[in-house]
Amino acid sequence: MKKEQFVLTKPLNHLAVIMDGNGRWAKKRLMPRTFGHKEGCKRVEEIFNLCMRYGIKVFTLYAFSTENWNRPEDEIKLLFEYLEEFFNSNIDKFMEKGVKVNHMGDASRLPEKTRRVLNEAINRTFNNDKFVFNICLNYGSRQEILKAVKNIAKDVENKKVDIDNIDDKLFQTYLDSAYLPEVDLMIRTSGENRLSNFLLYQLAYAEFIFTPTYWPDFKEKEFVECLKEYCSRDRRYGAIKE
Ligand code: IPE
Ligand code: IPE
Ligand code: MG
C-alpha cells in the first residue's frame, strides 16, 4: 500500500538550501571529492522534484560561492560540468512542468560553456510560472548587497529614485532575488553551522535547520523530516503568541 504523503501544516513557499558535505561524503568512501559533487547533483534533481511534489514554489540552491574559486582548478572544472549536465538533462522537464530558472550571482566569471547553458535555461524558461529553480552560482551575499546599494545610489543620482522612497520593498527589487517570495526555510547540510555568505538580507525571518547529513545522503526521508521540523516551529515575527 502506498504511504500517505506528509501534508504541510504551514505555508512554505520558498526553500533555500546550502548543499554541503559532498567532498566529505566522497572522502569517507575513499573516492575523489568530485565523486561527491556528481552524486550531489543527483540529489539536487530529487530534492527539486520533491519541492514540486510538496507544493513548495521556489527552490534556491547555493551551488558555488564567490569563495569557492579558492578550490583546486580540477574540482571547479568538474563541478561546473556536472551542473551543465544537470541543466541539459532537465531543461525539457522544466518546460513541461512550468519551471522558471533564475540565477543569483555574477555570471561573468563562470566558464563560458556554463554561462551559455545557464543563459539558455533562463531564456527558454523565462515565461514559466509554476515553480522557480533559483541557482546561486558565483554568488556572495555581501557582493550582492553592495551591487544593490551601488545601483540604487546611481538611480538616486539620476533622479530615478527619491531617497525618501527607499524602503525594504524597493531595496529588495535591487537584489538578485527581486520579486521572489520571502525565504521561509533555510537548510544547510553537513553539520556546518554558518551561512558562508548566503542570503544575508533575505534570511531575516527564515527558519533555519542545520542537519549533520552530508548532501549526497539528503534524500526524501531527511527532506520530510525537515518539513516536519519546520511545521513544528512557531513563527512569531516579533509578535507574541496568544
Ligand atoms: C558542497 O560540498 C558543494 C560546494 C560547495 C560546491 P563541499 O564541496 O563543500 O563538501 P565538503 O564541505 O568539503 O565536504
Ligand atoms: C558554502 O559551502 C558554499 C556552497 C555550498 C556553494 P562551503 O563548503 O564552500 O563553505 P565553508 O567553506 O565550509 O564555509
Ligand atoms: Mg563544504
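In what follows, every heavy atom counts, from backbone to side chain, and hydrogens, waters and symmetry copies are set aside. Note that the numbering runs from 1 along the sequence shown for the chain. First listed ligand is number 1; within each ligand, the first listed atom is number 1.
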* Does the side chain of Ser65 come under 3.5 Å of the side chain of Asn68 through a donor N or O and an acceptor N or O? -> yes
* Considering only the protein, which heavy-atom contact is closest to atom 14 (O) of ligand 2, and what is its distance? -> Ser196 OG, 2.7 Å
* Has Asp20 got an N, O or S atom lying less than 2.8 Å from the Mg ion (ligand 3)? -> yes
* To do: Compute whether any side-chain donor of one residue and acceptor of the other, for Asp176 and Tyr139, lie under 3.5 angstrom apart.
  => no
* Answer with yes or no after comparing the ring centroid distance for Tyr205 and Tyr237 against a 6.0 Å cut-off, counting only values under it. => yes
* Asked: Minimum heavy-atom separation for Tyr201 to Leu175, with atom names?
  -> CD2-CD1, 3.6 Å
* Looking just at side-chain N and O atoms, do His14 and Gln202 make a donor-acceptor pair shorter than 3.5 Å? -> no
* Just need the protein heavy atom nearest to atom 12 (O) of ligand 2, so name the residue and atom and give the distance. => Arg194 NH2, 4.5 Å
* Atom indices of ligand 2 within 4.0 angstrom of Ile18 heavy atoms, with elements -> 5 (C)
* To do: Name the closest protein heavy atom to atom 2 (O) of ligand 2, giving the residue it belongs to and the distance to 0.1 Å.
  => Arg188 NH2, 3.5 Å
* To do: Considering non-hydrogen atoms only, spot the tightest contact between Arg43 and Phe218 and give its length.
  => CD-O, 3.2 Å
* Structure fact -> Numbered in order shown, the ligand 2 atoms found under 4.0 Å of a heavy atom of Asp20 are 8 (O)
* Asked: In terms of side-chain heavy atoms, does Gln143 have a donor or acceptor partner in Thr66 at a distance below 3.5 Å?
  -> yes
* Asked: Is there any N or O on Trp25 that sits under 3.5 Å from an N or O of ligand 1?
  -> no
* Asked: Is the closest heavy-atom distance from Glu192 to ligand 2 below 4.0 Å?
  -> no
* Asked: Looking just at side-chain N and O atoms, do Thr211 and Arg188 make a donor-acceptor pair shorter than 3.5 Å?
  -> no
* Asked: Distance only, no hydrogens: is a donor on one side chain within 3.5 Å (strictly under) of an acceptor on the other, for Gln172 and Asp168?
  -> yes
* To do: Measure the distance from atom 7 (P) of ligand 2 to every protein heavy atom, then report the residue, atom name and distance (to 0.1 Å) of the closest one.
  => Arg71 NH2, 3.8 Å
* Asked: Which bit of Phe198 is near ligand 2, meaning a heavy atom under 4.0 Å away: side chain, backbone, both or neither?
  -> neither
* To do: Taking Asn22 for its side chain and Gly40 for its backbone only, find out whether a donor-acceptor pair lies under 3.5 Å.
  => no
* atom 10 (O) of ligand 1: which protein heavy atom is closest, and how many Å away? -> Gly23 N, 2.9 Å
* Pull out every atom of ligand 1 sitting under 4.0 Å from any heavy atom of Met19, numbered as shown with elements. => 1 (C), 3 (C)
* Structure fact -> One finds that the ligand 1 atoms under 4.0 Å from a non-hydrogen atom of Ala63 are 6 (C)
* Examine Arg29 relative to Trp25 and say whether NZ or CZ is less than 6.0 Å from the centre of the six-membered ring and inside a 45° cone about the ring axis. => yes
* Sub-4.0 Å atoms of ligand 1 with respect to non-hydrogen atoms of Leu79 -> 6 (C)
* **Under 4.0 Å to a heavy atom of Asn68 - the qualifying atoms of ligand 1, by number** => 5 (C)
* Proximal ligand 1 atoms for His37, defined as those under 4.0 Å from one of its heavy atoms -> 3 (C), 8 (O)
* To do: May I ask whether Ser190 places a heavy atom under 4.0 Å from ligand 1?
  => no
* Contact partition for Lys27 relative to ligand 1, non-hydrogen atoms under 4.0 Å -> neither
